[in-house]
Chemist: 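Would you mind keeping the following structure in view while I ask a few things?
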Amino acid sequence: MKHQFAWVRFRSHERPQKLPLTVNPHLVASNAEEQQPSPRACQSPGGKKLSFQTSPSHLSHARGRRTTSRSMSQSSTDASSYSGSVSDSFSEDEDKIVSVRDRKQTNSSNSADFCVRDIRKAEYGRREIEIAAQEMPGVLALRRRAEAEKPLKSACVICCIHITAQSAVLIETLVALGAKVRCCACNIFSTQNEIAAALAEANIPVFGWRGESEDEFWWCIEKCVVADNWSPDVLLDDGGDAAHLMLKRFPEVFSNLRGIVEESVTGVHRLYQLARAGKLGVPAINVNDSVTKAKFDNLYCARESVIDALKRTTDIMLGGKQAVVCGYGEVGKGVCQALRSLGAVVYVTEIDPICALQACMDGFRVFKLNEIAKNVDLIVTCTGNKNVVCRDILDRLKNGAIVCNMGHSNTEIDVESLRTSDLVWERVRSQVHHVIWPDGKRIVLLAEGRLLNLSCSSVPSFVISITATTQALALIEVFNAPPGRYQRDVYLLPKKMDDLTIIDIKCLI
């Protein structure tokens, strides 16, 4: 315990703590023309580069230890995005020379059927998966109960979900139940690189890394759909992107699916649109509207994670701030509760009259967004709809206003309308941008309008365990259902499965 403080991982919003570093008493100054800056160089007030020497013996302590917390707000291209592995990570310069998908990596079994940022982070990812598993009793109970029976034996499952420690527990549960799994990320900012490495090391084909481009995002999904000796049976989707790609580019593969399990409101809306147009082609189970997902994950996960994400990215004090929450569904309810608990003045915008009345009866004032936009300090979208915050609203915001999204889709905030020649984008820190108007006004945009909590912080494992158990039961149901039970339509999960999930978890807490 002598050097216990040596391995504390810094979060993006924390000031650096004291480290037992040996600093050369003489700062070595050199002109920029004579020497390239080292990774530990900084700029002095006089314009010269200053470099510091660090004791290797103390660095060995830092590499060998880790903490249980991690900063999800760190950039995917940050060479120090994982504590204790700075010297073992691909640097930002290497990322520019060789893209992630062009790197040649193999795991300890000499398998190369994966694409992650750095396979050498597998050990750290494995420890994080173990921590998450301790808080996921429902998934582990299902694994113990059904592992011998193997209800997913020979099932080929595509998982297009967030690659996090919690989803890794679900993925490995599906494997334990007999499934073959190929997984990819459903969000370009939510992947935990060390978790992806741990799954790859466990011989689970995984394609995803934090900070993918749009092109790389679709490439990763395609690698899960098409592979040698691979014919997918079931799709576990989050947001509908995998289903969209398969239907558009691989219609034969899509039509051979036994079913789809979808957990997000955005993905469910897309499935219902396909069903109404007669283009769905396969049965789908709507997990998002199951009791376990809506009443637990949507509400409590949002309530516990939104504050963490806001603090990590902006260091904002919420007491006394005026915040508007767009949408008063289960996610909106959780966000409103969290903001009010810290003293924020919370307003709600809602187009559904029943939800609007609920907000009023819960003590929130309901307005139209254009009526209050110029006065608010914070806007959080939670609707699942498109262009809820349009350019007109963004133009009305006051200087320093924070704009973010807690819905799955990145279309709730009209970010594309901000990519114009008259506006300047300034990167402040990872997942934080200033968008500056010609008159000097600036707003703070978080995660480029994408899902805030999974892009900038983390989510509570226990609540995710409830949803993960429901997803696993839905996959078992759709894979083993006899012909004719489900038609080419969208179905709600049978309530008995919801009840089974809650009973399992209640008996374990």
Side-chain angles (χ1 to χ4, degrees), residues 107 109 111 113-114 126 129 133 136-161 163 166-184 198-207 221 223-238 242-243 246 250 252-263 281-285 287 290 292 465-488 491 493-494 496-498 500-501 503-505:
N107 61 15
S109 302
S111 172
D113 190 15
F114 63 88
R126 176 52 53 191
I129 293 172
M136 301 184 71
V139 177
L140 297 185
L142 176 63
R143 186 188 298 185
R144 289 192 297 269
R145 175 180 297 180
E147 189 168 8
E149 185 181 347
K150 302 285 190 214
L152 291 175
K153 184 177 181 180
S154 75
C156 294
V157 182
I158 297 174
C159 293
C160 184
I161 56 180
I163 302 178
Q166 296 79 17
S167 63
V169 177
L170 169 61
I171 290 168
E172 293 187 337
T173 296
L174 300 180
V175 174
L177 300 186
K180 298 177 182 178
V181 178
R182 297 180 72 86
C183 54
C184 57
L199 291 173
E201 179 61 29
N203 291 316
I204 297 174
V206 55
F207 301 86
I221 296 178
K223 294 292 288 185
C224 289
V225 176
V226 180
D228 295 336
N229 302 317
W230 175 256
S231 179
D233 298 302
V234 187
L235 169 62
L236 176 59
D237 210 357
D238 188 340
M246 294 177 69
F250 307 100
E252 292 184 2
V253 177
F254 184 83
S255 62
N256 289 329
L257 291 175
R258 297 194 188 186
I260 301 170
V261 175
E262 173 59 59
E263 75 147 322
V282 297
I285 293 184
V287 170
S290 64
T292 47
S465 174
I466 300 175
T467 300
T469 306
T470 306
Q471 289 173 297
L473 290 172
L475 287 171
I476 293 171
E477 169 66 17
V478 75
F479 178 71
N480 292 286
R485 175 179 292 181
Y486 297 109
Q487 306 301 317
R488 299 173 179 178
Y491 295 84
L493 192 71
K496 64 179 181 180
M497 292 189 182
D498 271 336
L500 178 62
T501 300
I503 291 171
D504 275 349
I505 294 175

Chemist: Compare every heavy atom of Asn107 with every heavy atom of Ala200, then report the nearest pair and how far apart it is.
Modeler: O-ND2, 2.9 Å
Chemist: When you measure from the side chain of Asp233 to the backbone of Ala155, do you find a donor-acceptor pair of N or O atoms at a distance under 3.5 Å?
Modeler: no
Chemist: Would you tell me whether Thr470 and Ser290 have side-chain atoms, one donor and one acceptor, within less than 3.5 Å of each other?
Modeler: no
Chemist: Provide the closest heavy-atom pair for Ala176 versus Lys150 in the form atom of the first, atom of the second, distance.
Modeler: O-NZ, 2.8 Å
Chemist: Given side-chain contact (heavy atoms from CB on, under 4.5 Å), test Ile163 with Ile171 step by step and report yes or no.
Modeler: CA-CA 10 Å; Ile163 302 178; Ile171 290 168; 5.8 Å; no
Chemist: About how many Å separate CD of Gln166 and CD1 of Ile161, when rounded to the nearest 0.5 Å?
Modeler: 10.5 Å
Chemist: Please name the pair of heavy atoms, one in Leu257 and one in Val282, separated by the smallest distance, quoted to 0.1 Å.
Modeler: O-CG1, 3.5 Å
Chemist: Show the nearest heavy-atom pair for residues Asn203 and Pro205, with the distance to one decimal.
Modeler: O-CD, 3.6 Å
Chemist: Leu140 and Arg144: side-chain contact (heavy atoms from CB on, under 4.5 Å), yes or no, with the steps?
Modeler: CA-CA 6 Å; Leu140 297 185; Arg144 289 192 297 269; 3.8 Å; yes
Chemist: Could you tell me the separation between the SG atom of Cys156 and the CG atom of Asn229, rounded to the nearest 0.5 Å?
Modeler: 10.0 Å
Chemist: Could you grab the distance from atom CD of Glu252 to atom CG of Asn256, nearest 0.5 Å is fine?
Modeler: 7.5 Å
Chemist: Can you find a heavy atom in the side chain of Asp238 that is under 4.5 Å from one in the side chain of Ser167?
Modeler: no
Chemist: Within a reach of under 6.0 Å around NZ of Lys153, are more than 12 heavy atoms found that belong to other residues, nucleotides or ligands?
Modeler: no
Chemist: Shortest non-hydrogen contact from Lys223 to Arg182?
Modeler: O-NH2, 3.0 Å
Chemist: Using the side-chain contact (heavy atoms from CB on, under 4.5 Å) rule, take Leu152 and Ile476 through it: C-alpha gap first, then chi angles, then the decisive distance, then the call.
Modeler: CA-CA 6 Å; Leu152 291 175; Ile476 293 171; 4.0 Å; yes
Chemist: Distance from Trp230 atom CH2 to Asp113 atom CG, nearest 0.5 Å?
Modeler: 9.5 Å
Chemist: Does any non-hydrogen side-chain atom of Arg143 lie less than 4.5 Å from one of Val169?
Modeler: yes
Chemist: Using side-chain contact (heavy atoms from CB on, under 4.5 Å) as the criterion, point out the one residue from Leu475, Val478, Ile158 that pairs with Leu235.
Modeler: Ile158
Chemist: Please report the interatomic distance CZ(Phe254) to CD1(Ile260), rounded to the nearest 0.5 Å.
Modeler: 4.0 Å
Chemist: Has Arg258 got a side-chain atom pairing as donor or acceptor with Ala481's backbone, closer than 3.5 angstrom?
Modeler: no
Chemist: Which atom names give the shortest non-hydrogen contact between Asp237 and Ala242, and what distance separates them?
Modeler: OD2-N, 3.5 Å
Chemist: With rounding to the nearest 0.5 angstrom, report the CG to CD distance, Leu177 to Glu147.
Modeler: 7.0 Å
Chemist: Go through the steps for Arg126 and Glu201 under the test side-chain contact (heavy atoms from CB on, under 4.5 Å), then give the verdict.
Modeler: CA-CA 9 Å; Arg126 176 52 53 191; Glu201 179 61 29; over 6 Å; no
